Asker: 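Supplied in structure tokens, the structure appears directly below.
No experiment lies behind these values; they were computed from the predicted model shown.
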Amino acid sequence: MTPVTVDMWEQLRGSFAMADCDADPEILAWATRYTRNPQQFEDQLHDVLPQLAYVQQVAAQYDVAGEFVLLPWIESHFRPVPGRRNRPAGIWQIMPVTAGSMGLRVDGHYDGRLDVPAAANAVMKLLKQYHDEFGDWRVADYAYNAGEFTVKKYIQRHGMPADEPAMPAWPVRKVTREHLAKLLAMACVVREPDRFNVSLPTLPDEQHLVQVPLPRSMPIAQAADHAGMSVSALKDLNAAFRSDTIDSAAASYLLLPVGHAKQFRDALLDQGNRSTASASLPFNISNSDPATPSPVTSAPAITEPRQQTHTVQYGESLWQIARHYSVSTTQLQRWNHLRGNTLKPGQVLQVNGTH
């Protein structure tokens with residue numbers, strides 16, 4: 001059977017829940033502005049595609065409208081903006097006081113606003129709460145930008161906005177209205193890239209981001225060496241750690257590309273095996289008689305990796321299973337010939353690439 005290629009952009013379009021390109025001239029104007037230089041737009045999008053794909057998985061987990069996958073583009077172009085005193089930080093541009101209410105730790109050693117998994121989960125949870133409360137994704141975006149209490153005041157004075165026009169006819173601040181227009185504009189480009197003379201980039205499997213358990217604290221340089229990455233590349237993906245040490249007490253995982261995640265795990269396993277072997281050597285091995293032959297140890301048997309499977313439990317999602325096995329949802333879909341994210345309890349999934 002030929003594997004099915006799942007297009008992340010097609011999935012994203014299918015999860016959109018708000019207005020399209022022609023719903024308001026302001027939406028089309030911002031979409032045109034974003035793609036004024038098509039090549040530059042494509043290059044910028046290509047550079048942040050791993051983070052975008054990861055956020056897409058988190059949004060799907062919380063059943064949040066797909067437009068919000070593009071929210072970090074509006075806030076920061078997916079750049080891990082460092083936190084300064086009383087200033088917003090991270091790809092979501094979260095204020096310190098807001099971080100506390102979202103359950104994100106911020107101190108001199110670690111800034112959860114720059115922890116992509118932690119912040120993405122916190123933001124999507126918040127957006128889901130806003131939608132559950134207000135029943136309108138446009139209002140949820142206003143609440144994210146202007147604050148929940150500000151939105152409640154608008155509702156008290158003007159009532160909930162009608163379905164039309166696409167941009168609610170509330171007298172909100174210009175920056176709040178533009179925030180929604182920009183979000184819908186980016187969704188517009190994803191809906192109709194040909195209209196703006198751009199091609200949406202693709203993400204190879206090995207570049208998808210996964211969480212890898214961190215069993216202990218270690219220097220960032222050591223973690224980068226284990227993963228086969230440069231220190232700067234690893235720091236960019238794990239910018240929450242403010243020192244040169246990765247503190248497992250602050251975050252018990254690293255965010256790594258799939259292609260480096262296995263190398264990191266193997267390096268930790270190899271290090272653990274060497275530590276165990278060293279600990280099992282005789283105490284006086286260094287003082288042994290040179291004439292006494294060393295004991296012969298047999299080489300470990302080389303075994304072929306076995307195909308690993310997972311039986312879907314009730315309530316489990318494809319994203320949860322992918323995260324558990326440090327693979328991407330795209331890989332699970334390809335290995336199991338899945339055309340979407342729907343799973344059935346009892347379904348047996350292949351969770352590695354061995355055939």
Side-chain angles (χ1 to χ4, degrees), residues 50-51 54-55 57-58 61-62 72 76 78-126 208-276 278-279 319-328:
Q51 290 90 331
Y54 187 89
V55 171
Q57 294 179 33
V58 180
Q61 174 71 11
Y62 286 89
S76 68
F78 280 88
R79 295 191 307 271
V81 180
R84 296 182 176 87
R85 185 175 180 84
N86 296 323
R87 299 291 297 170
I91 66 174
W92 304 95
Q93 287 292 274
I94 301 171
M95 293 292 292
V97 64
T98 307
S101 66
M102 296 170 74
L104 295 173
R105 170 182 162 183
V106 178
D107 56 38
H109 302 287
Y110 170 85
D111 189 338
R113 297 173 297 172
L114 284 88
D115 183 325
V116 173
N121 276 275
V123 168
M124 292 304 169
K125 181 179 178 181
L126 182 64
H208 280 267
L209 300 177
V210 293
Q211 287 179 235
V212 181
L214 187 67
R216 61 183 178 277
S217 299
M218 66 179 66
I220 286 182
Q222 183 183 33
D225 181 65
H226 284 344
M229 300 171 64
S230 69
V231 171
S232 61
L234 187 135
K235 275 187 172 181
D236 282 345
L237 292 177
N238 299 274
F241 300 104
R242 288 178 154 176
S243 69
D244 291 330
T245 299
I246 296 173
D247 182 4
S248 61
S252 59
Y253 53 82
L254 283 176
L255 190 65
L256 297 174
V258 167
H260 294 276
K262 183 179 185 301
Q263 183 173 342
F264 181 82
R265 289 194 301 266
D266 289 347
L268 288 180
L269 182 62
D270 181 62
Q271 188 178 52
N273 289 341
R274 283 189 279 110
S275 297
T276 302
S278 177
W319 181 78
Q320 288 173 315
I321 297 169
R323 183 171 66 170
H324 178 78
Y325 290 100
S326 296
V327 297
S328 70

Asker: Answer whether the closest heavy-atom distance between the side chains of Leu254 and Phe264 falls below 4.5 Å.
Answerer: yes

Asker: Please confirm whether the backbone N or O of Val106 pairs with a side-chain atom of Asp111, one donor and one acceptor, at under 3.5 Å?
Answerer: no

Asker: Any chance you could lay out the side-chain hydrogen bond (donor to acceptor under 3.5 Å, both in side chains) test for Ser230 and Ser232, step after step, and finish with the verdict?
Answerer: CA-CA 5 Å; Ser230 69; Ser232 61; 3.2 Å; yes

Asker: Which heavy-atom pair separates Val231 from Ala221 by the least distance, and what is that distance?
Answerer: CG2-CA, 3.9 Å

Asker: Taking C-beta and beyond as the side chain, do Asp266 and His226 meet within less than 4.5 Å on heavy atoms?
Answerer: no

Asker: To check you understand the geometry: which heavy-atom pair defines the closest contact between Val210 and Ala261, and what is its length?
Answerer: CG2-CB, 3.8 Å

Asker: May I ask you to test the Leu234-Phe241 pair for a side-chain heavy-atom distance under 4.5 Å?
Answerer: no

Asker: Do Pro213 and Tyr253 make a side-chain contact, defined as non-hydrogen atoms from C-beta onward lying under 4.5 Å apart?
Answerer: no

Asker: So how far is it from Leu114 CG to Leu237 CG, rounded to the nearest 0.5 Å?
Answerer: 12.0 Å

Asker: State the OH-OG1 distance between Tyr110 and Thr245, to the nearest 0.5 angstrom.
Answerer: 15.5 Å

Asker: For the backbone of Trp92 and the side chain of Ser76, can you confirm whether one donor and one acceptor N or O come within less than 3.5 Å of each other?
Answerer: no

Asker: Are any of the side-chain heavy atoms of Asp115 and Arg105 separated by less than 4.5 Å?
Answerer: no

Asker: Could you grab the distance from atom CD of Gln93 to atom OG1 of Thr98, nearest 0.5 Å is fine?
Answerer: 11.5 Å

Asker: Is the shortest side-chain heavy-atom distance between Val55 and Met124 below 4.5 Å?
Answerer: yes

Asker: Between the side chain of Arg113 and the main-chain N/O of Ile94, is any donor-acceptor distance below 3.5 Å?
Answerer: yes

Asker: Is it the case that atom CG in Asp244 sees more than 12 heavy atoms from other parts of the structure closer than 6.0 Å?
Answerer: no

Asker: About how many Å separate CD of Gln211 and OG of Ser252, when rounded to the nearest 0.5 Å?
Answerer: 8.0 Å

Asker: Where is the tightest heavy-atom contact between Arg265 and Val212, given as atom of each residue plus distance?
Answerer: CG-CG1, 3.7 Å

Asker: Is the shortest heavy-atom distance from the side chain of Ile246 to the side chain of Ser217 under 4.5 Å?
Answerer: no

Asker: Working to the nearest 0.5 angstrom, can you tell me the gap between Asn121 CG and Met102 CE?
Answerer: 10.0 Å

Asker: Any non-hydrogen side-chain atom of Pro117 less than 4.5 Å from a side-chain atom of Leu255?
Answerer: yes

Asker: Which heavy-atom pair separates Ala89 from Pro82 by the least distance, and what is that distance?
Answerer: CB-C, 4.0 Å

